[in-house]
Number of protein chains: 2
Amino acid sequence: MTTQHRPASRKEIRQENEKLILQAAEKTFAEAGFGGATMQLIADVAGLPKANLHYYFPTKESLYRRVVQDIFHVWLQAADIFDAADGPIEGLGAYIDAKMEISRKHPAGSKVWASEVMHRAPVIQDYLETTLRDWTEGRIAVIERWIDQGLMDPVNPRHLLYMLWATTQHYADFNHQIETLNNGRPLSDAQWAEATDTVKRIILSGIGARPAT
Amino acid sequence: MTTQHRPASRKEIRQENEKLILQAAEKTFAEAGFGGATMQLIADVAGLPKANLHYYFPTKESLYRRVVQDIFHVWLQAADIFDAADGPIEGLGAYIDAKMEISRKHPAGSKVWASEVMHRAPVIQDYLETTLRDWTEGRIAVIERWIDQGLMDPVNPRHLLYMLWATTQHYADFNHQIETLNNGRPLSDAQWAEATDTVKRIILSGIGARPAT
DNA sequence: CCACAGCTTGACCAATCGGTCAAGATTTTT
DNA sequence: AAAAATCTTGACCGATTGGTCAAGCTGTGG
């Protein structure tokens, strides 16, 4: 039972504890919401005394802000696949794959984001108005190019994007409902594969995507 | 300024106040979450003293439970259209219309539901396991019949349903994000029509829906 | 018109929460 | 090895919250 006790340096301690706290905070905020989560509960999940949290993050709001920002950056990265593609089948297909993977592996992050946006984005409104808006316009331009190239039917790109977000994030945000309707069991590997496949097939077929020759 | 003061009878007073409180509660729970909403704030929105809320609803949780239950019943009603249809184009099309309409008119209700499910349904888990499960199985059977009749491609009906829920509810739950990406303005009538039309077209085309002759 | 049942409300309370603080432990720097 | 900087933590505090209560108010049925 002699666990190798931390020979940790200062920087290591800081990094390790911040990570521990951020993980506990993400989970707790996702499960209880901002108002329902307490610093004491987050501290318990992280295995640290409450006063220690306030040493690293002065206020509950600053901790929450950091959690939401981190999630947002993970989301943005997931979209690089989008650009490297020659057409909608490859690009949108890979994007759906990536977002479904995130929904499966990190549902808590998705829930915190959803909760933040549902409450009118009190802490990340500026991100919505700058980074997200720019990102969205960029992808819309890509989709419009595909349409012009005859690689897909002329559908409204903005609403297509919303549909992709809605569908993929639904598997994270509503995972409890989906589990309940799956007889209380989490989706198996095969079920996740079928979900991803169904989503891809309906959307790609729905927009009349054609392979880039 | 002499507002016709309540000649109200006992029953009328009760109905009127309960409705007032439930409306204020739905709005407040949607905006702040269960933990973030306070009885005092709900009372202010309703224009009643806080102690009066506790007269009609003994605890915050009982008020919240009532709000969620009411929303759930509205949702179930919206699906009657589903059954009366001869095929997917008519049935799913009408269902999408109905749910988009609800998302536009009552976003608060959708948000409360989403929040409840995201937090693992602490108060309506039994509904998920009974009513929602039965409802879902029923609709899956309808869709499977359409597939057998050759009215649409053989897609997994369960994931198709999730896709419908995800997409339509997204316009309510994430209305703030959508508004922000629309230059801070709510969607116009025309934009709502285009959203609904795009969703219907992609999905109905995506599942290869054919008219019932 | 009177007695009773239902409705209203300001004042109040115990519990909990976010946040503070000072004293001690540990590592780094000089 | 001593001084400085950083990290840890139990005890504590003011503010807020959900909920209570008793006294007064208002329809209603006899």
Side-chain angles (χ1 to χ4, degrees), chain A residues 3-22 24-29 31-68 112 115 119 122-123, chain B residues 3-29 31-68 112 115-116 119 122-123:
Chain A
T3 51
Q4 187 83 357
H5 241 337
R6 30 182 80 173
S9 79
R10 234 82 218 233
K11 279 234 162 95
E12 285 170 341
I13 286 183
R14 187 160 205 109
Q15 283 183 341
E16 204 172 310
N17 281 347
E18 279 191 359
K19 189 176 175 185
L20 215 57
I21 294 169
L22 286 170
E26 179 179 295
K27 185 184 171 194
T28 307
F29 283 135
E31 284 177 0
F34 178 81
T38 68
M39 292 299 273
Q40 185 60 62
L41 186 57
I42 296 172
D44 292 345
V45 173
L48 295 171
K50 191 186 74 167
N52 211 350
L53 298 210
H54 279 101
Y55 174 73
Y56 288 101
F57 299 93
T59 66
K60 183 184 178 185
E61 193 181 311
S62 71
L63 172 56
Y64 175 76
R65 165 174 271 118
R66 177 68 179 279
V67 169
V68 176
V112 175
S115 193
H119 299 356
V123 321
Chain B
T3 51
Q4 189 82 356
H5 243 336
R6 29 182 82 174
S9 81
R10 235 84 217 232
K11 278 231 162 95
E12 284 171 340
I13 286 182
R14 187 161 205 109
Q15 283 184 339
E16 204 172 312
N17 281 347
E18 280 192 359
K19 189 176 175 185
L20 216 56
I21 294 170
L22 286 170
Q23 284 178 342
E26 179 179 294
K27 185 183 172 193
T28 307
F29 282 134
E31 285 178 0
F34 179 80
T38 68
M39 293 298 274
Q40 185 59 63
L41 186 57
I42 296 172
D44 291 346
V45 173
L48 295 171
K50 191 187 72 165
N52 210 350
L53 299 211
H54 280 101
Y55 174 74
Y56 287 101
F57 299 93
T59 67
K60 185 185 177 183
E61 192 181 312
S62 70
L63 172 56
Y64 175 75
R65 164 173 271 118
R66 177 67 180 280
V67 168
V68 176
V112 175
S115 193
E116 164 68 7
H119 299 356
V123 320

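Just so we're clear, the structure is a prediction, and the values are computed from it rather than from any experiment. Sequence lines set the chain letters: A, B, ... in the order given, protein chains first and strands last, and positions in each chain run from 1.
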Atom pairs under 3.5 Å, N or O on each side, protein against nucleotides 5-7 of chain C: can you list them with distances?
from, atom 1, to, atom 2, distance (Å)
C/dG6, N3, B/Arg10, NH2, 3.1
C/dC7, OP2, B/Arg14, NH1, 2.6
C/dC7, OP2, B/Tyr55, OH, 2.5
C/dC7, O5', B/Tyr55, OH, 3.4

| query | Which part of the nucleic acid, if any, lies within contact of A/Ala43, taking any heavy atom under 4.0 Å across all strands shown: a base, the sugar-phosphate backbone alone, or nothing? | reply | nothing
Classify the ring geometry between A/Tyr64 and A/Phe29 as parallel (under 30°), tilted (30 to 60°) or perpendicular (over 60°). perpendicular
Would you say that more than 12 heavy atoms from the other residues, nucleotides or ligands in this model lie under 6.0 Å from the [atom1] of [X], or not?
X	atom1	answer
A/Lys60	NZ	yes
A/Gln40	CD	yes
A/Glu18	CD	yes

Query raised in the report: 5'-most contact on DNA chain D: A/Leu53 or B/Gly35, nearest heavy atom basis?
Result: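 Of the two residues, A/Leu53 wins.
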> What are the residues of residues 58-66 of chain B, sorted by number, that bring a heavy atom to within less than 4.0 Å of DNA chain D?
Replying inline: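 Heavy-atom contacts with DNA chain D come from B/Thr59, B/Lys60.
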Expressed as a whole number of angstroms, how long is the span from [X]:[atom1] to [N]:[atom2]?
X	N	atom1	atom2	result
B/Leu20	C/dT8	CG	C1'	14 Å
B/Phe34	D/dT17	CZ	C1'	12 Å
B/Glu12	D/dT26	CD	P	18 Å
A/His54	D/dC12	NE2	P	18 Å
A/Glu16	D/dT8	CD	P	10 Å
B/Lys50	C/dC13	NZ	P	14 Å

Hey, does the side chain of B/Glu116 reach the backbone of B/Val123 with a donor-acceptor pair shorter than 3.5 angstrom? yes
Do B/Leu63 and B/Tyr56 come within less than 4.5 Å of each other through their side chains, counting heavy atoms only?
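B/Leu63 vs B/Tyr56: side chains apart.
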Value for OG (B/Ser62) from NE2 (B/His54), rounded to nearest 0.5 Å, stands at 8.0 Å
ring-ring contact (aromatic ring centres under 6.0 Å, His included) filter on A/Phe57, not counting sequence neighbours, yields none
